[in-house]
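Everything numeric in this text was worked out from a predicted model, so none of it was measured. Indexing begins at 1, ligand by ligand and atom by atom, following the structure's order.
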Amino acid sequence: MVKGDGPILTKQQFAEYEELGFLHSIPILSQDEISYYRAQVEKTCQAIGGRVTRLNALHLFFPWAWELSTHPRLLDCLEQLLGPNIVLKSTRVIYKYGKSASYVGWHQDGITERLEDGRAPAVWLGLTAATLENGCLRVVPRSHRLGLMPHDSSPDLEPLPGSTSAPVESWFQAHGDELSERITSVPTDSASGFDIVMPPGQMSIHHPVILHGSNPNLSNECRIGLSASFSAPELYHGRRAVAWVRGDGRRDYHRFEVIDKPPMATFEEAVDAYCASDRPILFAAV
Ligand SMILES: O=C(O)CCC(=O)C(=O)O
């Protein structure tokens with residue numbers, strides 16, 4: 001597995017992750033890489049059907065998406081937080097059109113697997129700038145200390161024991177232009193949110209219990225980012241196969257199926273396979 005040439009997190013950044021529950025502004029992509037991956041996203045969205053706003057699991061179909069999600073510099077950072085072995089559990093490309101009402105409600109990623117360990121973070125890597133106006137990722141600093149909270153469930157998510165939130169009858173009726181599959185009903189004082197403003201090519205890392213979301217895009221330009229969830233292998237207890245993206249640790253020791261090679265498909269084959277799969281595709285309202 002290829003190793004990058006940094007960036008290396010400082011002691012202070014470790015302490016910040018522990019204390020605040022997130023890190024940001026970590027430079028990952030060069031200008032050429034930003035242009036290349038952005039062009040791949042645009043081409044993929046067009047091929048899949050035009051005004052696509054959220055695509056899950058592209059890394060299992062498209063070689064470019066695997067490369068982006070396993071960029072050596074990105075994995076170098078994670079290795080420092082997670083240890084030598086890393087699995088990639090899921091990815092989402094979120095494409096927020098200019099002047100679009102789509103937003104991501106406050107949620108905690110860890111709710112899906114009931115995971116509260118900081119060695120199962122998610123990253124957000126921008127292919128455009130992330131600004132206040134275009135609805136950058138927002139987090140509530142230190143909220144990872146609050147533990148998991150009741151979430152209004154997505155259709156495949158059991159409520160937390162003791163949760164009083166009513167089941168949502170129709171996800172789209174209830175949440176309109178909501179892009180997230182997990183939304184908490186905890187009233188979050190928006191003033192307590194920290195806006196992760198970053199130039200293109202930079203990355204943030206957030207703890208699985210931190211409350212986060214993002215606002216609609218009020219600007220004229222699109223906002224594009226990759227969100228990807230990783231973990232140390234011993235923390236993963238899900239049923240889906242996961243990609244083993246770094247480390248030589250024993251793979252047969254775990255209960256889950258391991259994918260250890262990037263997809264080899266041509267672009268056209270990947271589009272066909274993706275469209276034929278059960279992956280949800282969200283289209284933006286016109
Ligand atoms: O891209 C965004 O605005 C939010 C991404 C996010 O919250 C997630 O993928 O869990």
Side-chain angles (χ1 to χ4, degrees), residues 21-24 28 37-38 41 45 52-59 65 68-69 74 88-116 120-141 143-144 148-149 151-154 156-157 171 175-184 186 188 190 193-219 221-231 238 279-282 284:
F22 69 103
L23 291 174
H24 64 95
I28 300 294
Y37 288 117
R38 179 157 177 190
V41 169
C45 289
V52 169
T53 192
R54 173 180 171 137
L55 292 168
N56 293 353
L58 288 179
H59 68 291
L68 177 62
S69 320
L74 180 162
L88 168 58
K89 299 186 293 185
S90 60
T91 62
R92 298 151 290 281
V93 166
I94 299 193
Y95 193 123
K96 276 192 195 170
Y97 286 86
K99 302 279 181 222
S100 104
S102 297
Y103 68 100
V104 177
W106 291 112
H107 66 283
Q108 298 165 308
D109 295 336
I111 191 73
T112 318
E113 292 175 55
R114 309 294 192 246
L115 211 53
E116 303 195 45
V123 306
W124 194 93
L125 174 57
L127 296 178
T128 60
T131 66
L132 259 182
E133 205 191 2
N134 73 14
C136 61
L137 193 70
R138 316 188 71 202
V139 297
V140 179
S143 55
H144 62 307
L148 292 171
M149 299 172 185
H151 282 56
D152 285 351
S153 302
S154 63
D156 60 351
L157 189 61
W171 184 249
H175 298 298
D177 244 348
E178 164 65 39
L179 273 174
S180 169
E181 289 166 351
R182 298 153 287 196
I183 183 168
T184 167
V186 175
T188 302
S190 51
F194 177 91
D195 294 291
I196 303 189
V197 170
M198 296 188 297
Q202 293 197 356
M203 175 176 86
S204 59
I205 305 178
H206 59 267
H207 189 285
V209 183
I210 203 160
L211 276 167
H212 64 288
S214 67
N215 287 329
N217 182 354
L218 304 178
S219 77
E221 308 298 327
C222 60
R223 193 223 71 175
I224 308 172
L226 168 81
S227 150
S229 303
F230 294 85
S231 122
R279 307 290 166 176
I281 301 173
L282 282 189

**Request:** Count the heavy atoms belonging to other residues, nucleotides or ligands that lie under 6.0 Å from CD of E116, then report whether that count exceeds 12.
**Result:** yes
**Request:** Tell me, please, which residues at least two apart from H212 pass side-chain hydrogen bond (donor to acceptor under 3.5 Å, both in side chains).
**Result:** H107, D109, H206
**Complete:** d(R54 CZ, S227 OG) to nearest 0.5 Å is 7.5 Å
**Any residue meeting side-chain hydrogen bond (donor to acceptor under 3.5 Å, both in side chains) with S204, in chain and number order, not counting sequence neighbours** = none
**Item:** Proximity to ligand 1 by part of R223, non-hydrogen separation under 4.0 Å
**Value:** side chain
**Message:** Please state which option from P208, A122, S227 has its nearest heavy atom closest to atom 8 (C) of ligand 1.
**Reply:** S227
**Prompt:** With a cut-off of 4.0 Å, which atoms of ligand 1 are near a heavy atom of D109?
**Reply:** 10 (O)
**Prompt:** When you check the side-chain N and O atoms of T91 and H59, is any donor under 3.5 Å from an acceptor?
**Reply:** yes
**Message:** Show me which atoms of ligand 1 lie under 4.0 Å from any heavy atom of S214.
**Reply:** 2 (C), 3 (O)
**Message:** Using a 4.0 Å cutoff against the non-hydrogen atoms of V104, which atoms of ligand 1 qualify?
**Reply:** 3 (O), 4 (C), 7 (O)
**Request:** Work out whether the distance between some heavy atom of Y103 and some atom of ligand 1 is less than 4.0 Å.
**Result:** no
